[in-house]
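Here the structure is laid out as structure tokens; the discussion comes afterwards.
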Amino acid sequence: EPEVTQTPSHQVTQMGQEVILRCVPISNHLYFYWYRQILGQKVEFLVSFYNNEISEKSEIFDDQFSVERPDGSNFTLKIRSTKLEDSAMYFCASSERTTQETQYFGPGTRLLVL
Amino acid sequence: KQEVTQIPAALSVPEGENLVLNCSFTDSAIYNLQWFRQDPGKGLTSLLLIQSSQREQTSGRLNASLDKSSGRSTLYIAASQPGDSATYLCAVNFYQLIWGAGTKLIIKP
């Protein structure tokens with residue numbers, strides 16, 4: 001069964017460093033998403049992406065974040081200058097045709113900023 | 001602003017019991033509602049999706065209902081098993097997924 005994959009599973013970085021989180025959505029899906037979950041808190045929407053551009057973003061998704069589809073399979077989230085409060089689990093998801101369909105999630109990347 | 005609340009926050013029951021998890025939301029203008037399972041330190045597994053026009057969805061021992069007008073959804077788990085132990089999250093699709101904090105379920109053998 002097709003699934004969303006994410007790499008790395010864990011990443012430790014120093015405050016101020018740039019990180020790139022990678023995702024491979026399900027191959028025939030058109031919508032891609034990033035969410036984050038700070039330890040002990042609710043899952044939060046960051047951004048949705050369709051047709052090579054951002055379709056919606058939350059107030060969390062400020063200028064330090066960016067997303068890209070660098071090739072036909074990968075979808076990346078870049079955090080330009082990490083802060084301690086960026087430590088969280090980051091989930092990638094995809095849906096087939098619209099944002100109103102089931103979203104399928106990857107296993108997540110646990111990011112720790114020191 | 002859409003708010004999603006899940007009650008109870010935690011639940012511990014003996015194996016074999018039927019149980020109900022609750023999810024409520026403040027704005028009924030949703031596209032759909034999705035129930036997820038999250039195991040400790042792991043990802044999010046989609047269990048059921050109910051479109052706003054539907055009242056109910058079933059998958060195996062799971063049954064989810066939706067009452068959009070009252071802003072409520074329930075997840076019914078029949079004949080619970082220790083393997084059902086996990087955190088159950090509901091998320092309403094309100095232009096984006098808005099999440100509840102989850103119900104941590106423990107099924108005691």
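Residue numbering restarts at 1 for every chain, and letters A, B, ... go by the order of the sequence lines.
- In this structure, A:F49 and A:F75 have tilted ring planes: the angle between them lies in the 30° to 60° band.
- For residues 49-81 of chain B, heavy-atom neighbours of chain A at less than 4.5 Å comprise B:L49, B:Q51, sorted by residue number.
- Within the 3.5 Å criterion, the main-chain N or O of A:S81 finds a donor-acceptor partner in the side chain of A:Q64.
- Judged purely by atom type and a 3.5 angstrom limit, A:T82 uses its side chain to pair as donor or acceptor with the backbone of A:Q17.
- Of residues 19-34 of chain B, those residues with a non-hydrogen atom less than 4.5 Å from any non-hydrogen atom of chain A are, in numerical order, B:Y31, B:N32, B:Q34.
- Paired with B:W99 under the rule ring pair (Phe, Tyr, Trp, His ring centres under 6.0 Å), one option of A:F45, A:F105, A:F91 passes, and it is A:F105.
- The environment of A:N51 atom CG is dense: over 12 non-hydrogen atoms of other residues, nucleotides or ligands sit within 6.0 angstrom.
- Within the 3.5 Å criterion, the main-chain N or O of B:G102 finds a donor-acceptor partner in the side chain of B:Q6.
- Distance alone, capped at 3.5 Å, is enough to place a donor-acceptor pair between the A:E101 side chain and the A:T98 backbone.
- Counting only distance, with no hydrogens or angles, the side chain of A:S48 and the backbone of A:E56 share a donor-acceptor pair below 3.5 Å.
- With chain B as the partner, the residue from A:Q103, A:M89, A:E44 showing the most heavy-atom pairs under 4.5 Å is A:Q103.
- Options B:S46, B:G100, B:A91 differ in how many heavy-atom pairs under 4.5 Å they form with chain A, and the most are formed by B:G100.
- Of the possible donor and acceptor atoms, none in the side chain of A:N74 sits under 3.5 Å from a partner among the backbone N and O of A:D71.
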>> Could you go through A:L46 and A:Y35, starting from their C-alpha distance and side-chain angles, then the distance that decides it, and tell me whether this counts as side chain to side chain contact (heavy atoms under 4.5 Å, CB included)?
In response: CA-CA 5 Å; A:L46 293 178; A:Y35 294 84; 5.6 Å; no
